[in-house]
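Report on one structure; see the data block that follows.
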Amino acid sequence: MAKRIALKDYVSVDGVDLSDFSSAVQFSSAHAQVDVSGFNSTGSDEFLAGATTQTVTVTFFGSYGSGEVHQTIYPLHRDKSVFAFAWRPDGSAGASSTNPELRGNVQAFDYGPGATRGSVDSFSVTFQASTGSTLVFYET
């Protein structure tokens, strides 16, 4: 499999393409480790996979115009909405086995734009898979 440089990623929030306003994407899927250790001859620990928490953190450039980051995400956060999220490595091609698309319903529990004088205006938003939903990689 070829290595890649992230240049053409696709990021969609609630059906709005925010790719031009995004500079980093990080997906995390973590299962809680539930300790089910009992007394045993080796004294070893035993764990089962528990509840799963899935998040996607995206770094956005501060943009406040119509159809841009703030006007797309802030109302969703403010209203505690559940909305669609999608990300794929190559935005110029559809989802495939070599360009899987992560998608699912999410919520934005935190929202906090800000700026530093003389620096690029950017901030991160973490989207969490909504209750009863999972983020899944699709290949077709």
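Everything numeric in this text was worked out from a predicted model, so none of it was measured.
When all heavy atoms are compared, the tightest approach of Val106 to Phe85 is CG2-CB, 3.7 Å. Scanning both residues, Pro89 and Pro100, for their nearest heavy atoms gives CD-O, 3.2 Å. Ser130 approaches Val82 most closely through the heavy-atom pair OG-CG1, 3.6 Å. Between Gly114 and Asp121, the shortest heavy-atom contact is O-OD1, 2.9 Å. For the residue pair Gly67 and Val16, the shortest heavy atom distance occurs at O-CG1, 3.6 Å. Minimum interatomic distance between Asp110 and Val125 (heavy atoms only, all atoms of both residues): O-CG1, 3.9 Å.
Only one option out of Thr57, Val11, Thr59, Leu102 pairs with Val25 in a side-chain contact (heavy atoms from CB on, under 4.5 Å); it is Val11.
Residue Phe123 holds its CZ atom at 8.5 Å from NE2 of His70, rounded to the nearest 0.5 Å. Note that CG of Asp17 is 5.0 Å distant from OH of Tyr10, once rounded to the nearest 0.5 Å. Rounding to the nearest 0.5 angstrom, the gap separating the CD atom in Glu46 from the CG atom in Leu48 is 6.0 Å. Atom CZ of residue Phe60 and atom OG of residue Ser124 lie 9.0 Å apart, to the nearest 0.5 angstrom. Between atom OG1 of residue Thr98 and atom CZ of residue Arg4 there is a gap of 11.5 Å, rounded to the nearest 0.5 Å.
The side-chain heavy atoms of Ser22 and Trp87, taken from C-beta on, include no pair separated by under 4.5 Å. Contact check for Val69 versus Phe61: no side-chain heavy atoms found under the 4.5 Å cut-off.
For Arg88 (side chain) and Ala93 (main-chain N/O), a donor-acceptor pair under 3.5 Å exists by modelled atom type. Side-chain atoms of Ser133 never come within 3.5 Å of backbone atoms of Ala129 as a donor-acceptor pair (strictly under, hydrogens ignored). Under the 3.5 Å distance criterion, the side-chain polar atoms of Glu101 are left unmatched by any main-chain donor or acceptor of Gly94.
Taking a 6.0 Å sphere around CD of Gln26, one finds it holds 12 or fewer heavy atoms contributed by other residues, nucleotides or ligands. Within 6.0 Å of CG on Asp45 lie more than 12 heavy atoms contributed by other residues, nucleotides or ligands.
Cation-pi check for Arg78 over Tyr111 is not met; the charged atom does not lie both under 6.0 angstrom from the ring centroid and within 45 degrees of its normal.
The aromatic rings of Phe83 and Phe127 sit perpendicular to each other, their planes meeting at more than 60°, with 30° as the lower class boundary. Between Tyr74 and His77, the ring planes lie tilted relative to each other; the angle falls in the 30° to 60° range.
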Test side chain to side chain contact (heavy atoms under 4.5 Å, CB included) applied to Val13 and Val58, step by step: CA-CA 11 Å; Val13 175; Val58 180; over 6 Å; no
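When only modelled atom types and interatomic distance are considered, Asp79 and Ser81 share no side-chain donor-acceptor pair under 3.5 Å.
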